[in-house]
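In what follows, a structure is listed as structure tokens, so that the remarks can point back to it.
Owing to the predicted nature of the structure, the values given are computational and were not obtained by experimental measurement. In what follows, chains carry the letters A, B, and so on, assigned in the order in which the sequence lines appear, proteins first and then strands, with residues in each chain numbered from 1.
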There are 2 protein chains.
Amino acid sequence: MVSPAPEVVFFFTWRLEIEHLKNLYYSHSMKKLAVVAFGGNALLKGDQKGTIDEQEANVYETCEHLVQLIRAGYDVVLGHGNGPQVGNVLLQHEAGEKLYGIPAQPIDFCVAETQGSIGYMIEQQLRNVLEKEGLERDILTLITEVIVDKEDQAFKNPNKPVGPFYTKAEMEKLVENSKGVYHEDPRGRGWRKVVASPRPVRINNVKSIEKLARDGQIIITVGGGGIPVFYVEPNKLQGIDAVIDKDLASAMLASQIHADEFFILTDVPKVYINFRKPDEKALNRISVSEAKQYLAEGHFTEGSMAPKVRACIMFCELGGREATITEASELGKPDAGTTIFAE
Amino acid sequence: MVSPAPEVVFFFTWRLEIEHLKNLYYSHSMKKLAVVAFGGNALLKGDQKGTIDEQEANVYETCEHLVQLIRAGYDVVLGHGNGPQVGNVLLQHEAGEKLYGIPAQPIDFCVAETQGSIGYMIEQQLRNVLEKEGLERDILTLITEVIVDKEDQAFKNPNKPVGPFYTKAEMEKLVENSKGVYHEDPRGRGWRKVVASPRPVRINNVKSIEKLARDGQIIITVGGGGIPVFYVEPNKLQGIDAVIDKDLASAMLASQIHADEFFILTDVPKVYINFRKPDEKALNRISVSEAKQYLAEGHFTEGSMAPKVRACIMFCELGGREATITEASELGKPDAGTTIFAE
């Protein structure tokens, strides 16, 4: 056997040494990475019209709470909803087509618009809060596609209503032009488009998001659950008529960027069982199995707390350690909210 | 004098060695960085209605040409316009307010919307083209604010018309509510809002953009010239009613990220003097002084070639080496377009 030349040996030990020092450096500097998801109604409250001033004031308040998490030593990635905002955009598109003949765009396009506008409002207000607090961080808002599976069962039975109400005649014309599936509104307001709400499969650009966040940048992403796209051919992505649950998309994101913790913000400090009953009880820490049992027992409202609990379970089942549901003002406090932990 | 311990000497020479190897690595791996700016009409042509299918087909074609630049060894940052798109958004907002009482948002918000939707269309089609070509690159679309100076002369005389036409009565109501300045349309179509077009001062997140691009990611940014914001207080940014020329914003971006080259795409292969006259002459390479002289002599149309030439001059005067105006199909070819070079 021929021994390698001493230079080669030196080179390899030297490479190993660098690798070791790099690991040491990272293990010391590495902070915990948190994904925080908040609803579109953290920006636009039910009783408001939705001017930019109202939305900016609302988000400024949320950002003041987020700072507590940053001060507590977290790197932060933000996901957000867009319910009220994309509702408005769909109406504006329909109005623009009626009055000016501007083609109303499909929902993937409209979600992209809200990622731009909501991302802008969050980024701007968060930057203002950070400057006030003397914290220096870059904030990057990314337009984010989320890949879904065309074979997802949800596409067989679209049931999520979106956009304006149509008369029967308008609806029939839309159906004629293959513009989707419509359900009659049970409250008699007309016909409304229904789209599928498939499970998020892959968040685009996760490697970059993880790297940027670990590098200290704050990232705003998966707005409105992400722009729904699918592989129409093996190497070709295309938008699709669908909405992705923003809590599930944020949970998938948290898992795919290996987040240490996942927070879902809501308007109550904790999750309750027997909510609003005499034996109402706030939950502090529950296991995934307990969460599943409470879900099965119907403790959590569909369209409100239930999807949030499901998103936390998903994060834990995909390898996450724990996920917390709470309100913004609790962020950074010990024992904030209700934590669901992996067993 | 006490000599340092041998371990210390070793540590320092070793540090220097790492630094040296790092430099060597970068000088070999560092490709040229190009900023490419293209117009909103590369997506939405004058005779089209602007459906997503039309816009995606247009941008797919442009992306096929962009690939030549990537193949030629460039790292690439893309800037884009939003003229026709933001015009539509402003009309949709006005229509939404009329029909549904949804507050029409200010122009900074609308620019953010177009950054989302146009960014999505470009990112998606570019990704599809790259996949087809077997090129692996992450593409990140950033929502981008551009800081302007409130004292910019342009704010004293807003003159860039945007959005819908109003009747005199509608206009007077808007003015009453401090909703901007309006000019009467010379072609009798009513009254139209005019906003300032200030000079871009600083592009937000330039350090991250440069780092990401040098790291091999393709970045889509400064859409529509960027979201116009200004410092309303020393540490507080706020949106402002303005539009920033997309070529100037891209030139400023190119300068601030130390781009090696700057390309502005248009619909002619070269810049001409005596355009459409018997002595028309295509320009190949001209110095900044020559470009200024041709500008002064009125060779270039305002609102079309003149701002592009000015943006190239700006890039060179801010320290850039050279800037090129050409059409997409020329990208990556030797002697493509008209190059303006620093003296």
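- By the 6.0 Å contact criterion, NZ on A:Lys132 is enclosed, its count of non-hydrogen atoms from other residues, nucleotides or ligands being greater than 12.
- Ranked by heavy-atom pairs under 4.5 Å with chain B, the first of A:Glu56, A:Glu233, A:Gln238 is A:Gln238.
- The 12-atom threshold is exceeded at CD of B:Glu133, counting heavy atoms of other residues, nucleotides or ligands nearer than 6.0 Å.
- Top candidate by heavy-atom pairs under 4.5 Å with chain B, chosen from A:Val89, A:Leu142, A:Asn205, is A:Asn205.
- Environment of NZ in A:Lys49: sparse, with no more than 12 heavy atoms of neighbouring residues, nucleotides or ligands closer than 6.0 Å.
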Passes side chain to side chain contact (heavy atoms under 4.5 Å, CB included), B:Leu90 versus B:Val162? Steps please. CA-CA 8 Å; B:Leu90 288 161; B:Val162 292; 4.0 Å; yes
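- For the set B:Leu130, B:Asp108, B:Thr114, the entry with the most heavy-atom pairs within less than 4.5 Å of chain A is B:Asp108.
- Heavy atoms of A:Leu99 lying under 4.5 Å from chain B belong exclusively to its side chain.
- Ranked by heavy-atom pairs shorter than 4.5 Å toward chain B, the options A:Glu131, A:Gln217, A:Gln124 are led by A:Gln124.
- For A:Tyr231, the part lying near chain B is the side chain, with the backbone staying farther off; criterion is any non-hydrogen pair under 4.5 Å.
- Between chain B and the options A:Ala104, A:Pro106, A:Cys110, A:Ala112, heavy-atom pairs under 4.5 Å are most frequent for A:Ala112.
- Heavy atoms of other residues, nucleotides or ligands lying less than 6.0 angstrom from NZ of B:Lys211 number 12 at most.
- For B:Val111, no part sits under 4.5 Å from any heavy atom of chain A, backbone or side chain.
- Under a cut-off of 6.0 angstrom, the local environment of NZ in B:Lys45 is crowded, with over 12 non-hydrogen atoms contributed by other residues, nucleotides or ligands.
- When each of B:Glu145, B:Gln125, B:Gln115, B:Glu97 is scored by its heavy-atom pairs under 4.5 Å with chain A, the top score falls to B:Glu145.
- The pair B:Arg137-B:Asp75 meets the salt-bridge criterion, with a side-chain N (NZ, NE, NH1 or NH2) lying under 4.0 Å from an Asp/Glu carboxylate O.
- Of the possible polar contacts, one joining the A:Glu170 side chain to the A:Thr167 backbone as a donor-acceptor pair under 3.5 Å is found.
- For the 3.5 Å distance criterion, the side chains of B:Gln85 and B:His80 fail to qualify, holding no donor opposite an acceptor.
- For A:Tyr100, the part lying near chain B is the side chain, with the backbone staying farther off; criterion is any non-hydrogen pair under 4.5 Å.
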Can you list the steps and then say if A:Lys246 with A:Asn82 is a side chain to side chain contact (heavy atoms under 4.5 Å, CB included)? CA-CA 8 Å; A:Lys246 76 108 177 51; A:Asn82 72 348; over 6 Å; no
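- Put simply, of A:Gly119, A:Gly96, A:Gly101, A:Ser117, the one with the most heavy-atom pairs under 4.5 Å next to chain B is A:Ser117.
- Proximity to chain B (any heavy atom under 4.5 Å) is shown, for A:Val129, by neither the backbone nor the side chain.
- For a residue to count as touching a neighbouring chain, one of its non-hydrogen atoms must lie under 4.5 Å from one of that chain's; by this rule A:Ile52 touches chain B with backbone and side chain alike.
- Looking at A:Gln48, there are no atoms closer than 4.5 Å to chain B (heavy atoms on both sides), in backbone or side chain.
- Of the atoms belonging to A:Ile220, not a single heavy atom falls under 4.5 Å from chain B.
- Counting heavy-atom pairs closer than 4.5 Å to chain B, the top residue among A:Thr51, A:Ile118, A:Thr144 is A:Thr51.
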